[in-house]
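Taking it in order: structure first as structure tokens, then the write-up.
Residue numbers begin at 1 in each chain, while the letters A, B, ... track the order of the sequences. The model shown is predicted, which means the values in this text are computed figures rather than measured ones. These values consider heavy atoms only, across backbone and side chains, with no hydrogens, waters or symmetry-generated copies.
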Amino acid sequence: MLDIKLIRDQPDAVATALADKGGADLIHEILARDGERRRLIKEAEDLKALRNKASEAIGQAKRRGEDASAEQARMREVGDRIKALDADVKAVDDAIEALLAQVPNVPHPSVPRGKSDADNVEVRKWGTPRQFDFTPRPHEDVGEALGLLDMERATKIAKTRFAVLWGDLARLERALAQFMLDLHTREHGYTEAWIPHLVNAETMLRTGQLPKFEEQLFKTVEADEGRTLYLIPTSEVSLSALHSGEVLLERTLPRRYTAYSPCYRREAGTYGKDMKGIFRNHQFSKVELVKLATPASGYDELESMVREAETVLQRLELPYRVVERCAGDVGFSSAKGYDLEVWLPGQGKYREISSCSNYADFGGRRVDIRYKPESGGRPEFVHTLNGSGLAVGRTIVAILENYQNVDGTVTIPTALRPYLPGLERLTTRR
RNA sequence: GGAGAGGUGGCCGAGUCGGCCGAAGGCAGCCGCCUGCUAAGCGGUUACAGGGUCAAAAGCUCUGUCCAGGGUUCGAAUCCCUGCCUCUCCGCCA
């Protein structure tokens with residue numbers, strides 16, 4: 001969330017910055033509530049000061065054996081008034097917090113202007129899409145023809161938008177995860193973590209999933225009406241909340257964390273979109289990258305994170321392009337972000353396979369992670385960054401489509417061979 | 001799941017029958033002094049958040065914070081309730 005002081009000090013600048021992104025209209029209301037809040041606090045605190053003094057006097061009087069019942073009665077009324085004011089303050093606080101939670105992050109000045117994804121800017125392209133001497137098929141056809149992708153049985157035991165992978169395709173999923181984790185931990189300086197896949201509401205709030213995206217989450221309740229836990233929509237949630245409430249030493253930054261986990265998303269509101277195959281499922285796995293950085297290094301860390309995600313595609317020899325999101329399309333929490341779009345010959349399009357963002361101090365403030373500057377001084381909020389490195393399900397899609405052969409088999413990319421000993425191509429063999 | 005114990009400042013730890021407790025004492029840290037160096041010793045000092053004042057900062061002042069949220073009371077670290085977490089024993093379990 002934004003710093004209320006920023007809104008208080010330069011409301012017009014904030015509103016202007018949010019022009020493309022929305023939320024500018026909330027600024028005025030927050031300001032009004034903020035003024036009300038301070039007025040109430042002043043009144044309540046003045047009364048508390050009065051009561052504290054009186055209570056001390058009552059104590060002394062009693063020790064002298066004097067009667068203080070008149071003063072006590074007076075303070076009882078003051079106490080009631082304080083209680084009412086405190087309740088008002090709480091109500092205004094909650095209202096401000098709810099409003100503030102709806103205000104998106106302010107885009108970094110370098111972010112291109114624009115309203116929608118149509119205004120995004122292609123930054124660079126890598127690789128040349130392969131020329132096929134036959135018509136490349138979409139991944140679901142390739143997988144199902146081999147008998148390795150089974151949408152029908154998944155739908156039977158769960159529901160639509162779930163998948164079963166059989167045999168070597170299941171192995172491929174496992175190998176990809178291993179390959180990506182090894183790359184990021186051995187070559188990019190990330191620390192691997194194995195994290196909870198169910199988290200509490202607090203964590204979802206701190207990572208911005210709640211309240212805004214509740215309709216995208218799967219919610220669980222323990223059988224005997226225990227607490228509510230949510231299935232993570234990405235391991236970014238768990239990774240970036242690990243240090244919530246902590247103050248880190250500057251010299252331990254940046255922290256680079258990676259985790260492989262399943263991700264669960266309702267995909268509400270995507271009706272007919274990407275209904276076939278595993279491109280958009282309720283469950284998919286992903287290797288996630290998270291960084292906690294100082295404000296000074298946050299944007300450099302974003303650039304390197306994008307390169308780190310790109311390395312995965314380069315090693316797999318999958319053509320892609322990097323797109324910078326414009327102010328209107330950059331995510332709610334994001335100050336600046338890039339998408340990696342992989343070439344899918346079956347669709348004849350570049351499609352998103354990774355998204356890397358810097359949430360900046362907006363993310364650090366919300367999750368409450370600070371760092372103590374080396375130079376001394378007050379702790380400041382870290383920049384939080386996250387990116388996919390990569391979405392494993394979509395990587396499978398890309399491999400099935402880019403590496404498909406005319407006979408229906410799929411060649412295994414060279415970089416994965418060490419992880420799939422003896423396997424050179426996917427066939428009908430299970 | 002059953003039984004019990006407990007959650008106090010960066011750490012350890014004291015808080016009597018509720019008031020003078022933001023909280024003794026120790027350690028650690030910081031600043032001085034002293035001292036061939038180091039150690040020891042001496043003096044001082046060290047939380048966070050939010051209001052008010054101020055152009056702003058500093059300063060001053062007020063409020064809140066002894067796990068969290070309620071309650072009792074003129075007044076709660078101290079009493080009551082709920083939740084969360086930790087520890088011990090038993091049971092169950094991959």
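Between Arg76(A) and the phosphate of C74(B), there is a side-chain N or O to OP1/OP2 separation shorter than 4.0 Å. In this structure, Lys53(A) does not reach the U61(B) phosphate: none of its side-chain N or O atoms is under 4.0 Å from OP1 or OP2. Checking the phosphate oxygens (OP1, OP2) of G51(B), a side-chain nitrogen or oxygen of Arg37(A) falls inside 4.0 Å. Proximity of Asn52(A) to the phosphate of C74(B): no side-chain N or O atom is located under 4.0 Å from OP1 or OP2.
Picking from G19(B), G50(B), G64(B) the nucleotide with the shortest atom distance to the side chain of Lys5(A) gives G50(B). Closest contact between the side chain of Lys83(A) and the listed nucleotides U72(B), G19(B), G64(B) involves U72(B). Between A49(B), C74(B), C20(B), one nucleotide has an atom nearer to the side chain of Arg63(A) than all others, and that is C20(B). Considering only the side chain of Ile41(A), G50(B) comes nearest among G50(B), G75(B), U63(B). Nearest nucleotide to the Arg370(A) side chain, out of C74(B), A49(B), G64(B): A49(B).
With both ends at atom C1', the span from C31(B) to C20(B) equals 31 Å, rounded to whole Å. C93(B) and G4(B) are spaced 24 Å apart, taking the P atom of each and rounding to whole Å. Rounded to whole Å, the separation between the P atoms of C30(B) and C87(B) comes to 33 Å. Comparing G7(B) with U78(B), their C1' atoms sit 15 Å apart, to the nearest whole Å. Taking the C1' atoms as reference points, U46(B) lies 14 Å from C11(B), given to the whole Å. One C1' atom belongs to U53(B), the other to G43(B), and the distance between them is 35 Å to the nearest Å. Separating the P atom of G26(B) from that of U82(B) is a span of 39 Å, rounded to the nearest Å. Taking atom P on both A56(B) and U45(B), the two are 31 Å apart, rounded to the nearest angstrom.
Residue Arg113(A) places its CZ atom among 12 or fewer non-hydrogen atoms of other residues, nucleotides or ligands, all under 6.0 Å distant.
The aromatic rings of His108(A) and Tyr299(A) sit tilted relative to each other, their planes meeting at an angle between 30° and 60°. Taking the six-membered ring where the residue is Trp, His184(A) and His188(A) present tilted rings, their angle falling between 30° and 60°.
Put simply, the side chain of Leu149(A) reaches to within 4.5 Å of the side chain of Ile278(A), judged on heavy atoms. Taking the side chain as every heavy atom from C-beta outward, Glu308(A) and Met305(A) approach each other to under 4.5 Å.
Nucleotide A14(B): unpaired (no Watson-Crick or G-U wobble partner with both distances less than 3.5 Å). A55(B) is unpaired under the Watson-Crick or G-U wobble criterion, no partner having all donor-acceptor distances under 3.5 Å. When both pairing distances are held under 3.5 Å, G43(B) makes a Watson-Crick or G-U pair with C31(B). Judged by Watson-Crick or G-U wobble contacts below 3.5 Å, the nucleotide C37(B) has no partner. Under the Watson-Crick and G-U wobble criteria, each requiring two contacts below 3.5 Å, nucleotide A76(B) is left unpaired. Searching all strands for a Watson-Crick or G-U wobble partner of G4(B) with both distances below 3.5 Å returns C87(B). The base-pairing partner of G50(B), taking Watson-Crick or G-U wobble contacts with both distances under 3.5 Å, is C62(B). Look at U82(B): its Watson-Crick or wobble partner, with both distances under 3.5 angstrom, is A68(B).
A residue-by-residue look at Gln72(A) and Arg8(A) shows that Arg8(A) has its nearest nucleotide of RNA chain B further toward the 5' end. Place Leu50(A) and Ala73(A) on RNA chain B by their nearest nucleotides, and Leu50(A) ends up nearer the 5' end.
As rounded to whole Å, 7 Å separates atom P of G70(B) from atom NZ of Lys90(A). Atom CG of Asp86(A) and atom C1' of G51(B) are 13 Å apart (whole Å). Between the CZ atom of Arg64(A) and the C1' atom of C74(B) there is a distance of 15 Å, rounded to whole Å. Note: CG (Asp93(A)) to P (U63(B)) measures 19 Å, nearest angstrom. Taking atom NZ of Lys42(A) as the reference point, atom C1' of C62(B) lies 8 Å away to the nearest angstrom. As rounded to whole Å, 13 Å separates atom C1' of C62(B) from atom CD1 of Ile82(A). Following rounding to the nearest Å, Leu47(A) (CG) and G51(B) (C1') show an atom-to-atom distance of 14 Å. A straight line from CD1 of Ile58(A) to C1' of G18(B) spans 14 Å, rounded to a whole angstrom.
Ser297(A) and Asp300(A) are not linked by any side-chain donor-acceptor pair at a separation below 3.5 angstrom, with hydrogens and angles left out of the test.
Ala49(A) comes within 4.0 angstrom of sugar-phosphate atoms only, judged by non-hydrogen atoms across all strands, and of no base.
With rounding to the nearest 0.5 angstrom, the NZ atom of Lys83(A) is 13.5 Å from the CG atom of Asp88(A).
A side chain to side chain contact (heavy atoms under 4.5 Å, CB included) with Asn402(A) holds for exactly one of Leu318(A), Val397(A), Val410(A), Thr411(A); it is Leu318(A).
Residue-to-nucleotide contacts include no donor-acceptor pair under 3.5 Å from the side chain of Glu45(A) to the base of G64(B).
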